[in-house]
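Some notes on the structure that comes next.
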Amino acid sequence: MRAIKAYDTIVIGGGPAGLAAALSAFEAGAETLMIEREKRLGGILKQCIHDGFGIIRFNQALTGPEYAGWYIEMVKKRGIPLLTKTFVTEIEQRGDGFRLSLVNSSEGLYQVISKSIVLANGCRERTARQIFIHGSRPAGVYTAGTAQYLVNILGYLPTKRCVILGSGDIGLIMARRLTLEGAKVVGVYEAKATPSGLERNIVQCLDDYDIPLKLSHTITRIIGEDRVEAVEVSRVDQTMSPLKGTEQVIECDGVILSVGLIPENELAESLGVRIDPRSGGPYVDQSFMTGIPGVFSCGNALTVSDLVDYVSETGKYAGASAASFVKDLPAQELIPIEKNEADFLYLIPQCFNINAVEQRLILYFRSRENRENVQVKVLADHQVIYQQRYQKLIPPEMKRIEIDSCPKPLNGIRDLRVEMEEGAKCES
Amino acid sequence: MSKLSRIKKKMTRLFGTAIECREWRSSIVLEGIVNSWEQVVAAGNLAAGKGYKGVVNRIEVKGLPTERIRKPDWRDHHLNQRRVDVLVIGGGIIGSAIIRELAKWELSVLLVDKEGDLAMHTSSRNDGMIHPGLLPKPGSRKAYFNVRGNELYSRVTKELNVDFTRPGSFILYDQWAMKLLYPLIKLRARRNKVKDLRLIGRDELQQLEPGLAPEIRGALYIPSAGVLSPYKMTIAYAENAVANGAEVSLNTMVEAMEKKGDEITAVKTNRGKVFPRIIINAAGVFSDVIADLAGDQFFTIHPRKGEIILLDRKKGELIKAIYSRPEFNRIKGSSKGGGIIKTIEGNVLIGPDAYEQPYREDFTTNRENILALLERFLPIFPELSAKDVITYFSGIRAATYEEDFIIEKSEYVQNLIHAAGIQSPGLASAPAIAEEIEKLTLELLSGQKRVKARVGWNPVRKAIPELSKMGARSRGELIRKKPAYGEIVCRCEEISRGEVIDALQSPIPATTLDAIKRRVRAGMGRCQGEFCTPLLIKIMEEEGFDIMEITKKGNNSYLLLEETKG
C-alpha cells in the first residue's frame with residue numbers, strides 16, 4: 001500500500017479563488033496542494049472571453065482567460081503541487097486534520113491528508129425548475145453559463161432566436177455574445193422590478209444592441225415538444241406571482257436562464273459546516289474560517305461576487321489564513337457581527353474572532369434594497385471605528401470595506417456591529 | 001330494465017341527448033359531443049362497472065383539438081418482411097419484462113416502440129415504488145399481480161443487477177381514524193395476501209424517523225414495499241432479453257394491421273412490414289389505439305396525469321422510506337394521492353398527484369399542482385423546503401374506466417394478447433404480468449409450433465458499473481483497466497466519462513442525451529446538467545456522433561443549431 005501523502009493546506013478548486021488561495025498559502029510557507037476537477041485551471045473564467053476583469057486587482061480590464069492566466073502562471077512558476085482532472089469524492093475530519101478521497105484516471109481512488117483545507121468550489125446556476133417554470137421540457141433551455149460554454153468553448157450556437165430570463169450578469173453578457181454571433185435575442189425578462197446585473201452590463205450588453213429589458217415579467221410557460229417553439233411571458237406583481245390576463249406568447253427556439261447563482265457547498269455541508277441562508281455560503285470569521293477549525297471558504301462558494309477581484313481577494317486571505325492556522329492560529333472565540341437584517345442582504349464575515357492578532361478587517365456586504373445617501377458605520381464596543389458615505393447602494397453591487405488600522409485594538413472586544421443610517425429607500 | 005337502458009337513463013339525466021350508448025360485443029360504446037373533458041370522463045365512469053366487459057368511450061369535446069401523436073420523423077425498411085414468432089408493441093416496463101421472459105424460449109421475439117428509447121412514457125415518469133399490494137380491491141387483477149410482482153422483484157432485480165431495496169411503506173396518520181380502520185385494513189391485507197403489516201406508535205416512529213413532524217401519531221407499516229429506478233429496471237429487462245436473442249426496434253411505430261378473418265397477418269410500421277404469429281399489446285397509454293387497429297377495442301384509456309417533484313439528494317438523509325398520509329375526506333379509489341419517497345438514488349420524491357386530461361402525451365407541469373404538492377407534503381418533514389426542489393415532471397397513467405388491468409388473450413382476434421390498462425401499481429406488477437403473458441403466449445403458440453427452452457439462456461445481466469458506489473480497491477482496478485472511469489464528468493452524481501461511454505455502447509445503446517441520463521444518471525443531479533451537458537456532447541462526438549445531430553430526446557430536439565462564426 002502506498003503511503004498517504006500529507007499536506008498543510010489543500011485547496012479544492014482551481015478557479016480564481018482557488019488560484020489565489022493556493023498562491024498565498026504556498027507563499028506563507030504551507031505545504032500546499034491544489035486540486036482541480038477539470039483538465040485546465042481557471043474555472044469559469046476560461047469561458048468568459050469578454051473583458052472587464054481585474055479593474056481593481058490589475059487596474060485594467062482583462063478578459064477572463066487573461067485574468068486567470070496571470071494567476072496560473074504564478075502557480076506554475078512557484079511549482080505549487082497541482083492535481084488536475086481530479087475529483088474530491090469525500091472529506092472526513094480525522095484527528096487534527098482532514099482526509100480527502102480523490103479519484104482520477106492515473107491513480108484511481110486514493111487518499112491524501114491535510115491539516116487545513118480551503119474550499120474554493122465556486123457556484124452553480126439556478127435552473128428553470130428551481131424558479132418554478134412550467135410547461136413542457138424541450139431541448140433549447142440552457143442556463144447562461146452552459147450557453148456560454150457551448151458558444152465560447154465548443155463553438156456552437158444553441159439558439160438562433162431566444163428569450164433570456166433573468167438579468168443576472170452572465171445572462172446580459174450572453175445577450176451580447178449571442179447577438180454578435182448572429183442570433184436574435186428577443187428580450188431579457190426579469191421578474192424583479194430592478195435589474196439583477198451590474199449597471200455597466202445593462203448599458204454595454206443590452207442598450208448598445210437595442211435588446212429590450214422587461215422588468216416585472218417572467219416566463220410562465222415553455223411551449224414546444226422537441227425543441228422550444230415559444231414561451232409564454234406574464235407580468236408579475238410585487239410578490240413575483242404572475243398576473244392572470246397579462247400572458248403573451250413569444251416565438252423563439254431557445255430560452256437562456258440567468259436567474260441566480262448558488263454557492264456550491266456540498267463538500268462543506270458534508271463536513272457539517274453551517275451555511276448562512278442569506279449569503280448562501282458558510283458562516284466565516286474574518287480569516288474566512290468556517291465553523292469547523294481548519295476549514296476555510298472563499299470566492300463564489302463563500303458568496304456570489306459580481307467582481308472577480310473580490311473572488312481573488314477572499315481566496316488570497318483564506319489561503320494565507322489556512323497556512324497560518326497550521327502554524328499558530330490562536331483558538332477561535334467568536335462573537336457575531338451584529339447588523340440590522342432589514343438593511344443588509346448579507347454581510348461577510350458573519351462573525352469575528354476576538355482572539356485574532358491580525359488587525360485588518362475586510363467586510364463585504366450587499367444592501368437589501370436600493371438606498372441613496374447612506375452612511376455605513378462599523379462600531380467596536382459601541383465606538384465608531386470606521387464610517388463611509390455611499391451615494392447609492394443597490395443589491396446587485398457588492399460593497400467592500402477595509403479597516404486596516406483601527407483607532408483601538410480589535411482583539412478582546414465584546415461587541416462588533418455594522419449600521420446603515422439615513423438614506424431613503426428609492427426605486428432605482 | 002336492461003343494463004343498457006339503465007345507463008341510457010342516467011346519461012340522459014346528466015347530459016341530455018348529447019350522448020348515445022350502444023352495445024358492441026360484450027362492451028358498451030359511448031358516442032356524442034360534449035362541452036368538456038370532465039364530462040367525457042364522467043360519462044365513461046358512469047358506464048363502468050355496470051356489467052359490461054369494457055367501456056369504449058368515443059365521446060368528443062366540442063372545439064378540442066385532436067392530439068398530435070409524437071411520431072418518429074423518418075421511414076425506412078429496417079424490418080421489411082420480417083417474420084417473427086412474437087411481436088411486442090410497447091417498450092415500457094411491461095413490454096420489456098415480457099420479452100425478457102419470452103427470451104427463455106426458442107422463439108423469435110421482436111419489440112417495437114415508437115420512441116427513440118425504452119421507458120419514454122410512464123415507465124420513466126413514476127415514483128419507482130414497488131407497492132406492497134394493500135390498496136387494490138381484493139379479487140382484482142391489480143391485487144393479484146401486484147402482490148406476486150412485488151415478491152418476484154427480489155429475484156429479478158438480483159438477476160438483472162438492478163438496485164432494489166425494501167425500506168417499507170408507512171401510511172401516516174394524525175387522527176384516531178386509523179385505529180378504527182385498522183381491522184378493515186387487516187382484513188384486506190389478508191385477502192390480498194400482503195404480509196407482516198402492523199401499526200407503529202408515535203414513539204417507535206419518531207425513533208425510526210426523527211425528522212417526521214411531531215403531530216404525526218403513528219403509522220401503518222408495510223415492510224414489503226420497495227423502491228427501484230423504473231427506467232433502469234425497464235432497460236435492464238430489455239437488455240437481458242436482447243442478450244438472449246430478442247430484438248428491440250426503436251423509433252418504430254405501428255401504423256396499421258392487416259387481418260384475415262379473425263387473425264392478424266401483418267403489422268405495418270414506419271420501418272417496414274412485420275409478419276408475426278402472435279401480437280402482444282403492451283402499448284401503455286396507446287393500448288386502446290393498438291386494440292382498435294386490431295379491431296378489438298373493448299376499452300378506452302383515459303389519461304390520468306400525475307406530477308412528481310424531486311428534491312436534492314442531500315435531503316435524502318432526512319428520510320428513510322416511503323411515506324403517505326391519506327386525507328380521509330378526499331380518498332378516492334383511483335390513486336392514493338402520492339407521498340414522500342426516498343428514491344433508490346437517495347433523492348426525496350414528492351407525488352404524484354392525479355388528474356384527468358385529454359392528451360396522452362401532454363407531459364407539461366403546472367404551477368398550481370406543483371405548489372399544491374409541496375404544500376401538502378413538505379410539512380410531513382419540517383426540514384424539507386421548496387428550496388430543495390431540483391426538478392419536477394409528469395407521467396400519465398393508462399387508466400381504463402374499469403380501473404383494472406387487462407391481461408388476457410383477445411376474445412375476438414385469435415393471435416392477439418392484451419397487457420393493457422396498466423396503471424399504478426403496474427411497475428410493481430410487471431414481473432408477474434410478464435410471467436402471465438409468457439404463459440398465455442405459449443398457450444397460443446402450442447397449436448402452431450413446438451416451443452423448446454432456449455439453450456444457453458442466461459438470466460443474469462451485467463450492468464454498467466456504478467463507480468461512485470464502489471470501494472477503493474475495486475474502483476481502482478476498474479480505473480486501471482479503463483482510465484475513463486477515473487474522469488468525473490457529472491459532478492453532482494459523480495458519474496465518470498467511462499460510464500457515459502458504457503451507456504453509449506450498451507446492448508440497447510443510448511443515442512440521445514436523455515437516454516444517457518436514464519442509463520447512468522449523468523445530468524440528473526442538482527445542477528440538472530448545466531455543467532455536464534457540454535461534456536456529454538463532446539463525449540458523444542468522440543464516440544462517433546455528428547455533433548450537429550445530437551438531440552436531447554430524438555426527432556427535432558437538437559441541442560446545437562449552428563457553428564459560431566469564424
Side-chain angles (χ1 to χ4, degrees), chain A residues 37 39 85-87 89 101 103-111 124-125 127-130 132-140 142-143 145-146 149-160 180-183 220-227 241-242 253-254 257 262 264 266 269-270 277, chain B residues 68 70 314 361-367 370-371 386-387 389-393 467-468 470-473 475-480 483-488 491-492 494 496 513 526-531 533-534 537-538 547-548 551-566:
Chain A
R37 61 185 148 204
K39 196 165 146 188
K85 287 175 88 176
T86 300
F87 189 85
T89 64
S101 298
V103 65
N104 62 31
S105 287
S106 50
E107 306 281 331
L109 184 68
Y110 68 111
Q111 289 169 335
R124 63 174 182 272
E125 297 174 273
T127 65
R129 302 272 150 170
Q130 282 158 353
F132 296 101
I133 291 189
H134 288 279
S136 54
R137 301 174 88 187
Y142 296 98
T143 57
T146 306
Y149 191 107
L150 295 172
V151 174
N152 293 350
I153 308 266
L154 289 193
Y156 291 90
L157 278 183
T159 171
K160 288 199 270 190
L180 290 173
E181 284 295 341
T220 35
R221 202 154 56 95
I222 291 177
I223 302 163
E225 268 173 45
D226 289 335
R227 189 68 212 189
S241 302
D253 63 19
L257 296 155
I262 305 168
E264 287 239 271
E266 278 62 41
E269 284 177 273
S270 75
Chain B
R68 267 196 340 224
R70 187 180 147 93
K314 62 188 166 200
E361 292 182 300
D362 171 2
F363 297 116
T364 54
T365 54
N366 295 285
R367 185 182 160 89
I370 293 296
L371 294 180
K387 277 194 169 171
V389 171
I390 60 170
T391 190
Y392 36 85
F393 53 93
L467 279 94
S468 66
M470 290 181 174
R473 181 176 296 194
R475 191 167 177 175
E477 259 167 43
L478 271 179
I479 294 172
R480 246 190 313 286
Y485 283 136
E487 212 182 302
I488 302 299
R491 57 176 75 176
C492 305
E494 210 181 306
S496 68
L513 204 65
R526 59 182 67 90
C527 91
Q528 288 289 295
E530 70 188 37
F531 286 108
T533 296
I537 291 174
K538 270 315 263 187
I547 197 164
M548 295 303 293
T551 64
K552 175 171 158 59
K553 51 184 178 182
N555 281 9
N556 194 29
S557 62
Y558 298 108
L559 293 172
L560 306 173
L561 300 184
E562 207 170 76
E563 280 186 53
T564 53
K565 296 172 180 174

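All values derive from a computational prediction rather than experimental measurement. So that the names make sense, note that chain A is the first sequence line, chain B the second, and so on, each numbered from 1.
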Could you report the tightest heavy-atom contact between [X] and [Y], atom names first, then the distance?
X	Y	result
Pro138(A)	Arg227(A)	CB-C, 3.5 Å
Arg475(B)	Leu467(B)	CD-O, 3.3 Å
Asn556(B)	Asp226(A)	N-OD2, 3.4 Å
Ile479(B)	Gly108(A)	CD1-CA, 3.5 Å

I need the residue from [options] with the largest number of non-hydrogen atom pairs under 4.5 Å to chain A.
options	answer
Ser468(B), Ala386(B), Pro483(B)	Pro483(B)
Arg491(B), Lys387(B), Glu487(B), Lys553(B)	Arg491(B)
Lys538(B), Glu530(B), Glu477(B)	Glu530(B)
Ile537(B), Ile390(B), Thr533(B)	Ile390(B)

So how far is it from [X] [atom1] to [Y] [atom2], rounded to the nearest 0.5 Å?
X	Y	atom1	atom2	value
Glu266(A)	Arg124(A)	CD	CZ	4.5 Å
Glu563(B)	Leu154(A)	CD	CG	11.0 Å
Arg137(A)	Lys552(B)	CZ	NZ	5.5 Å

Would the distance check show the side chain of Tyr142(A) and the main-chain N or O of Leu559(B) forming a donor-acceptor pair, the cut-off being under 3.5 Å?
yes
Sub-3.5 Å donor-acceptor pair from the side chain of Thr551(B) to the main-chain atoms of Ser557(B), do we have one?
no
Should Thr143(A) and Glu125(A) be marked as a side chain to side chain donor-acceptor pair (under 3.5 Å) after you check the CA-CA gap, both sets of side-chain angles, and the distance that decides it?
CA-CA 7 Å; Thr143(A) 57; Glu125(A) 297 174 273; 2.7 Å; yes
[X] portion near chain A, given a 4.5 angstrom heavy-atom threshold:
X	answer
Asn366(B)	backbone
Ile547(B)	side chain
Leu560(B)	both
Arg473(B)	neither

In terms of heavy-atom pairs under 4.5 Å with chain B, which of [options] leads?
options	result
Arg221(A), Glu264(A), Lys39(A)	Glu264(A)
Gly224(A), Ser136(A), Ala128(A), Ser106(A)	Ser136(A)
Ile223(A), Leu180(A), Thr89(A), Asp253(A)	Thr89(A)
Ile262(A), Thr220(A), Ile153(A), Ile133(A)	Ile133(A)
Pro242(A), Ser105(A), Ser101(A), Ala139(A)	Ser105(A)
Glu225(A), Lys85(A), Arg37(A)	Arg37(A)

Go through the atoms of Phe132(A) and report whether side chain, backbone, both or neither lie under 4.5 Å from a heavy atom of chain B.
both
